[in-house]
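Taking it in order: structure first as structure tokens, then the write-up.
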Amino acid sequence: MRWFILTLALFVVPPSFAAKSAVRGAGAITVDGVTYRLGGIDAPAPDQLCIDDHADSWACGIEARDQLIRLIADRDVRCQDLGRDPTYNKWHVGICTAGDDATSLNRLMVRRGLAIDSPTAGQDRFGDDQTDAKNNRRGMWKGCFVAPGDFRFGRKDGVLLGAACRADKDREIRQVLFPQDPTAPSGCNIKGKYALRAHVTGNIGIYHLQACRSYPAMTNPDRWFCSEDDARAAGFRKAYNCRPFSRQRS
């Protein structure tokens, strides 16, 4: 009977794994070879910019990623696996905790204002945490920003969020949040460009690798990615003309 109960429990309890982790960005962690998108939240990508409370440009995506790294420190991470990520099925969706913490990393990121609540399947897990972060002007809420999803999809007319957004500076703010010539974050050298022709394959853009001949010609990228996986997870496909440089015969 005990073996029957134990076997049944294995099928009922959602799988949860604890292991050393690698942070891919403010909203994604690789644990024991599985990459989890932090469920219920929307976090800025490494190349997203915000405006701080002094009206200066601020690399909020890098800051959010580094904060997540510090939250984890050198502790094991445990993730409750919620299934395949609907936008990139090589990844999973997870609710993750570090060490013996009872509070999830998902919740902590929203509470610190370094991610926003993103209700899914009718579940609003972190709405109260977002309200608290907004009211206390934490993280991105202290300045002005667009929702990470709006940034990823290049929605330059997205709603401006935060305590320092000024209606009379709308145009100037959007030029900062969506610069014409964005700077590549350290270690992120893959160029991405929004393209209508990518929609044929269900993508929103095309990416170019540094080792490919098409790379130098892409002089005005819209996005910068740290890995091909990150680019694909953001909805970009590899350029068809992305061929390696050929060696010259001597």
Side-chain angles (χ1 to χ4, degrees), residues 21-31 34-52 58-73 77 79-80 82 85-88 90-98 101 103-120 123-134 137-155 158-162 177-178 182 185-188 192 204 223-227 229-236:
S21 63
V23 172
R24 303 186 67 106
I29 308 175
T30 298
V31 181
V34 178
T35 298
Y36 294 92
R37 196 188 298 274
L38 296 181
I41 74 171
D42 194 11
D47 58 333
Q48 181 167 352
L49 297 177
C50 300
I51 293 174
D52 64 17
W58 170 43
C60 54
I62 294 294
E63 175 63 22
R65 181 199 64 188
D66 292 349
Q67 286 266 7
L68 181 57
I69 292 171
R70 287 194 285 271
L71 279 171
I72 295 170
V77 171
C79 291
Q80 179 189 3
L82 302 181
D85 179 12
T87 59
Y88 186 53
K90 287 188 178 182
W91 289 8
H92 289 234
V93 178
I95 302 295
C96 302
T97 55
D101 287 353
T103 304
S104 69
L105 294 166
N106 312 51
R107 185 179 300 279
L108 290 172
M109 291 296 286
V110 175
R111 191 175 290 174
R112 293 187 174 204
L114 298 171
I116 64 174
D117 178 45
S118 180
T120 55
Q123 289 187 329
D124 186 358
R125 296 174 181 267
F126 311 115
D128 292 341
D129 300 281
Q130 175 168 298
T131 299
D132 184 61
K134 180 178 179 180
R137 301 187 178 188
R138 297 194 196 101
M140 296 185 293
W141 294 102
K142 68 186 177 184
C144 190
F145 67 103
V146 293
D150 285 342
F151 173 79
R152 289 194 303 274
F153 283 93
R155 298 182 186 127
V159 176
L160 297 180
L161 306 171
L177 300 182
F178 295 93
S186 177
C188 304
I204 63 172
R223 297 287 313 278
W224 289 95
F225 299 106
C226 307
S227 72
D229 237 15
D230 295 337
R232 294 187 186 114
F236 286 68

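The structure presented is a predicted model; accordingly, all values stated were derived computationally and were not measured.
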Note, [X] side chain near [Y] side chain (heavy atom, < 4.5 Å):
| X | Y | result |
| --- | --- | --- |
| F145 | P44 | no |
| W141 | Q130 | yes |
| M140 | I116 | yes |
| Q48 | V146 | yes |
| D52 | C60 | no |
| R24 | T30 | yes |
| F151 | D47 | yes |

Do you know the tightest heavy-atom contact between [X] and [Y]?
| X | Y | answer |
| --- | --- | --- |
| V77 | I72 | CG2-CG2, 3.7 Å |
| H92 | V34 | CD2-CG1, 3.8 Å |
| L177 | C50 | CD2-CA, 3.7 Å |
| A26 | L68 | O-CD2, 3.6 Å |
| A43 | P148 | O-CB, 3.4 Å |
| A234 | R223 | CB-NH1, 4.4 Å |

How many angstroms lie between [atom1] in [X] and [atom2] in [Y], if you round to the nearest 0.5 Å?
| X | Y | atom1 | atom2 | answer |
| --- | --- | --- | --- | --- |
| L161 | K134 | CG | NZ | 7.5 Å |
| Y88 | D229 | OH | CG | 3.5 Å |
| W91 | T35 | CH2 | OG1 | 6.0 Å |
| D117 | D129 | CG | CG | 8.0 Å |
| S104 | M109 | OG | CE | 11.0 Å |
| T97 | L105 | OG1 | CG | 6.5 Å |

Taking the side chain from [X] and the backbone from [Y], do they hold a donor-acceptor pair closer than 3.5 Å?
| X | Y | value |
| --- | --- | --- |
| N106 | G94 | yes |
| W224 | P182 | yes |
| D42 | G149 | yes |
| R138 | R111 | yes |

Requested in this report: Please step through side-chain contact (heavy atoms from CB on, under 4.5 Å) for the pair I204 and R152, ending with a clear verdict.
Outcome: CA-CA 10 Å; I204 63 172; R152 289 194 303 274; 5.9 Å; no
Report task. Verify side-chain contact (heavy atoms from CB on, under 4.5 Å) between R125 and V110, making sure each step is shown before the conclusion. Result -> CA-CA 10 Å; R125 296 174 181 267; V110 175; over 6 Å; no
Query - Any side-chain donor near an acceptor of the partner, R37 and T87, under 3.5 Å - result: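 A pair is found: one side chain offers a donor N or O, the other an acceptor, under 3.5 Å apart.
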Report task. Determine if the SG-SG distance between C79 and C96 falls under 2.5 Å. Result ->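 Their SG atoms fall under 2.5 Å; a disulfide, then.
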